[in-house]
Amino acid sequence: MMLMPPHDTQQISVSGVAVDYGAGAARNRVLHGINLSVPKGGFISLIGPSGCGKSTLLKLLAGLLAPSEGEVRIAGMSAPQAAREGRIGLVFQDATLMPWKTAIENIRSLMRVADRQRPAAEISSRADEMLRLVGLEDARGRYPAQLSGGMRQRVAIARALAIDPEVLMMDEPFGALDAITREEMSSFLLDIWQRTGKTIVFVTHSIEEAVFLSSEVHVMARNPARIMESMPIQLSYPRNDDSFATPDFAAAAARLRRLLKDSHAPMGRA
């Protein structure tokens, strides 16, 4: 069944956001004039040159960083409040699993921290459910060193989903994987997205990855760091290996490539 994100309810709203480091003459503006909205159930990617503020913007959305100007709202509340209420899940490039704990214990540990009142039986049941969701129920007793890079990231995704967040923030989660594993993980992530209906914000340096995954790509630029263009991806879901060979895919990738070249120029000189 084709799944397209609804467009009537905004899950994420960013209005006039700026981030400054330092003060006075030493002030450095790392984000400028950010406006962004993401529908409930949407899948967006942030792409741009190194140092353009992609990870900084993701930290803002995750409630880990306060804006110097403007406002970030997640599910109708401030980002820090949404984080405190477990509405935001995080996945990083490094799976950040605890090496002395098995796959199932890595998931249970986060759940215990997120909700100390939750009964142990419920935690165990939910953790088992999430491992089944990512296809790793047979690896529940393995330690991170016994898992491949792709498997470790699946555990990290299962751990983030275990607290049942409304929004999943992903900062280059497949960046350290080889090309084939990376494509497999992209297909896996789309399947998880379609099965769970989560809202996903995905940071990547890969043009092809952004086109394949996203309903919309936000191209960031620097000097100053900003969103220079928001580009809908006109590819139907579900997507698969054949999607890479379509004219629409090629056209979207080519346009993103041109935008990324422009993104390196200061405002007004692109």
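Listed for the Gln146 side chain is a donor-acceptor partner under 3.5 Å among the backbone atoms of Tyr143. Checked by atom type and distance alone, the side chain of Arg132 never pairs as donor or acceptor with a backbone atom of Glu137 at under 3.5 Å. Formation of a donor-acceptor pair under 3.5 Å by the Thr204 side chain with backbone atoms of Glu209 is not found in this model. Remark: the backbone N or O of Gly51 is not paired with any side-chain donor or acceptor of Arg222 at under 3.5 angstrom. Judged by distance alone, the side chain of Lys54 and the main-chain N or O of Phe202 form no donor-acceptor pair under 3.5 Å. The closest donor-acceptor contact from the side chain of Asp171 to the backbone of Val203 lies at 3.5 Å or more, if one exists at all. Listed for the Ser214 side chain is no donor-acceptor partner under 3.5 Å among the backbone atoms of Val211. Under a 3.5 Å cut-off, the side chain of Lys198 and the backbone N or O of Pro165 do form a donor-acceptor pair. The closest donor-acceptor contact from the side chain of Asn28 to the backbone of Tyr21 lies at 3.5 Å or more, if one exists at all. Looking at Glu129, its side chain never comes within 3.5 Å of a backbone N or O of Ala162 through a donor-acceptor pair.
In plain terms, the two heavy atoms of Arg73 and Ser78 that are nearest each other are NH1-N, 3.4 Å. For Gly141 against Thr102, the heavy-atom pair with the smallest separation is O-CG2, 3.4 Å. Here the shortest heavy-atom pairing between Met98 and Pro144 reads O-CG, 3.6 Å. Ile163 and Ile88 get closest at one heavy-atom pair: CD1-O, 3.8 Å. Of all heavy-atom pairs between Leu90 and Leu168, the closest is N-CD1, 4.5 Å. Taking each heavy atom of Met228 and Ala221 in turn, the nearest pair found is SD-CB, 3.8 Å.
The only option from Val167, Ile74, Ile200, Thr199 that meets the side-chain contact (heavy atoms from CB on, under 4.5 Å) definition with Val38 turns out to be Thr199. With respect to Leu161, the side-chain contact (heavy atoms from CB on, under 4.5 Å) criterion is satisfied by exactly one of Ile107, Val91, Leu133: Leu133.
In the hydrophobic clustering of this structure, Val219 does not group with Val201; members are Ile, Leu, Val, Met, Phe, Trp, Tyr whose side-chain heavy atoms approach within less than 4.5 Å, directly or through other members. Linking Ile, Leu, Val, Met, Phe, Trp and Tyr residues whenever their side-chain heavy atoms come within less than 4.5 Å leaves Ile12 and Ile47 in two separate clusters. Using a 4.5 Å cut-off between side-chain heavy atoms of Ile, Leu, Val, Met, Phe, Trp and Tyr, with links allowed through other members, Val14 and Met231 fall into different hydrophobic clusters. Hydrophobic clustering, with ILVMFWY side chains joined whenever heavy atoms are under 4.5 angstrom apart, keeps Met77 apart from Leu36. When the side chains of ILVMFWY residues are joined at heavy-atom separations under 4.5 Å, either directly or via intervening members, Val134 and Phe174 end up in a single hydrophobic cluster.
Going from atom CD of Gln194 over to atom CG of Leu189 covers 10.0 Å, rounded to the nearest 0.5 Å. If you take CZ on Arg239 and OG1 on Thr246, they are separated by 9.0 Å, rounding to the nearest 0.5 Å. In this structure, OG1 in Thr181 is found 13.0 Å from CZ in Phe188, a value given to the nearest 0.5 Å. Note that CG of Asp115 is 11.0 Å distant from CG of Leu110, once rounded to the nearest 0.5 Å. In this structure, the separation between CG on Leu213 and OG on Ser187 is 8.5 Å, given to the nearest 0.5 Å. Distance OG/Ser148 to CD/Gln153: 10.0 Å, rounded to 0.5 Å.
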> Are Glu69 and Arg29 close enough, and set up right, to give a salt bridge (Lys or Arg N to Asp or Glu O under 4.0 Å), and what steps lead you there?
Replying inline: CA-CA 11 Å; Glu69 298 175 6; Arg29 175 147 289 192; 3.0 Å; yes
> Step by step, would you call Ile227 with Asn35 a side chain to side chain contact (heavy atoms under 4.5 Å, CB included)?
Replying inline: CA-CA 8 Å; Ile227 294 177; Asn35 295 291; over 6 Å; no
>> Pair Ser13, Glu71 - check side chain to side chain contact (heavy atoms under 4.5 Å, CB included), show working.
In response: CA-CA 8 Å; Ser13 177; Glu71 183 180 49; over 6 Å; no
> What do the steps show when you test Arg87 against Glu166 for salt bridge (Lys or Arg N to Asp or Glu O under 4.0 Å), and what is the final call?
Replying inline: CA-CA 5 Å; Arg87 295 174 185 248; Glu166 295 181 28; 2.6 Å; yes
>> Under the criterion side chain to side chain contact (heavy atoms under 4.5 Å, CB included), I'd like the reasoning laid out for Glu229 against Arg255: C-alpha separation, chi angles, the key distance, then a yes or no.
In response: CA-CA 11 Å; Glu229 186 158 336; Arg255 176 159 176 72; 2.2 Å; yes
>> Trp193 vs Tyr237, test: ring-ring contact (aromatic ring centres under 6.0 Å, His included). Steps then yes/no.
In response: CA-CA 11 Å; Trp193 173 61; Tyr237 290 97; 4.9 Å; yes
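In summary, Glu105 and Arg108 engage in a salt bridge, as defined by a charged side-chain N under 4.0 Å from a carboxylate O.
Between Arg182 and Ser206 there is a side-chain heavy-atom pair separated by less than 4.5 Å. Looking at heavy atoms from C-beta onward, Pro39 lies in side-chain contact with Gln10 at the 4.5 angstrom threshold. Side-chain contact between Glu184 and Leu177: absent, with no pair of heavy atoms (C-beta onward) separated by less than 4.5 Å. When side chains are defined from C-beta on, Leu136 does not count as touching Arg142, because their heavy atoms never get closer than 4.5 Å.
In this model, a donor atom of one side chain and an acceptor atom of the other lie less than 3.5 Å apart for Thr96 and Arg159.
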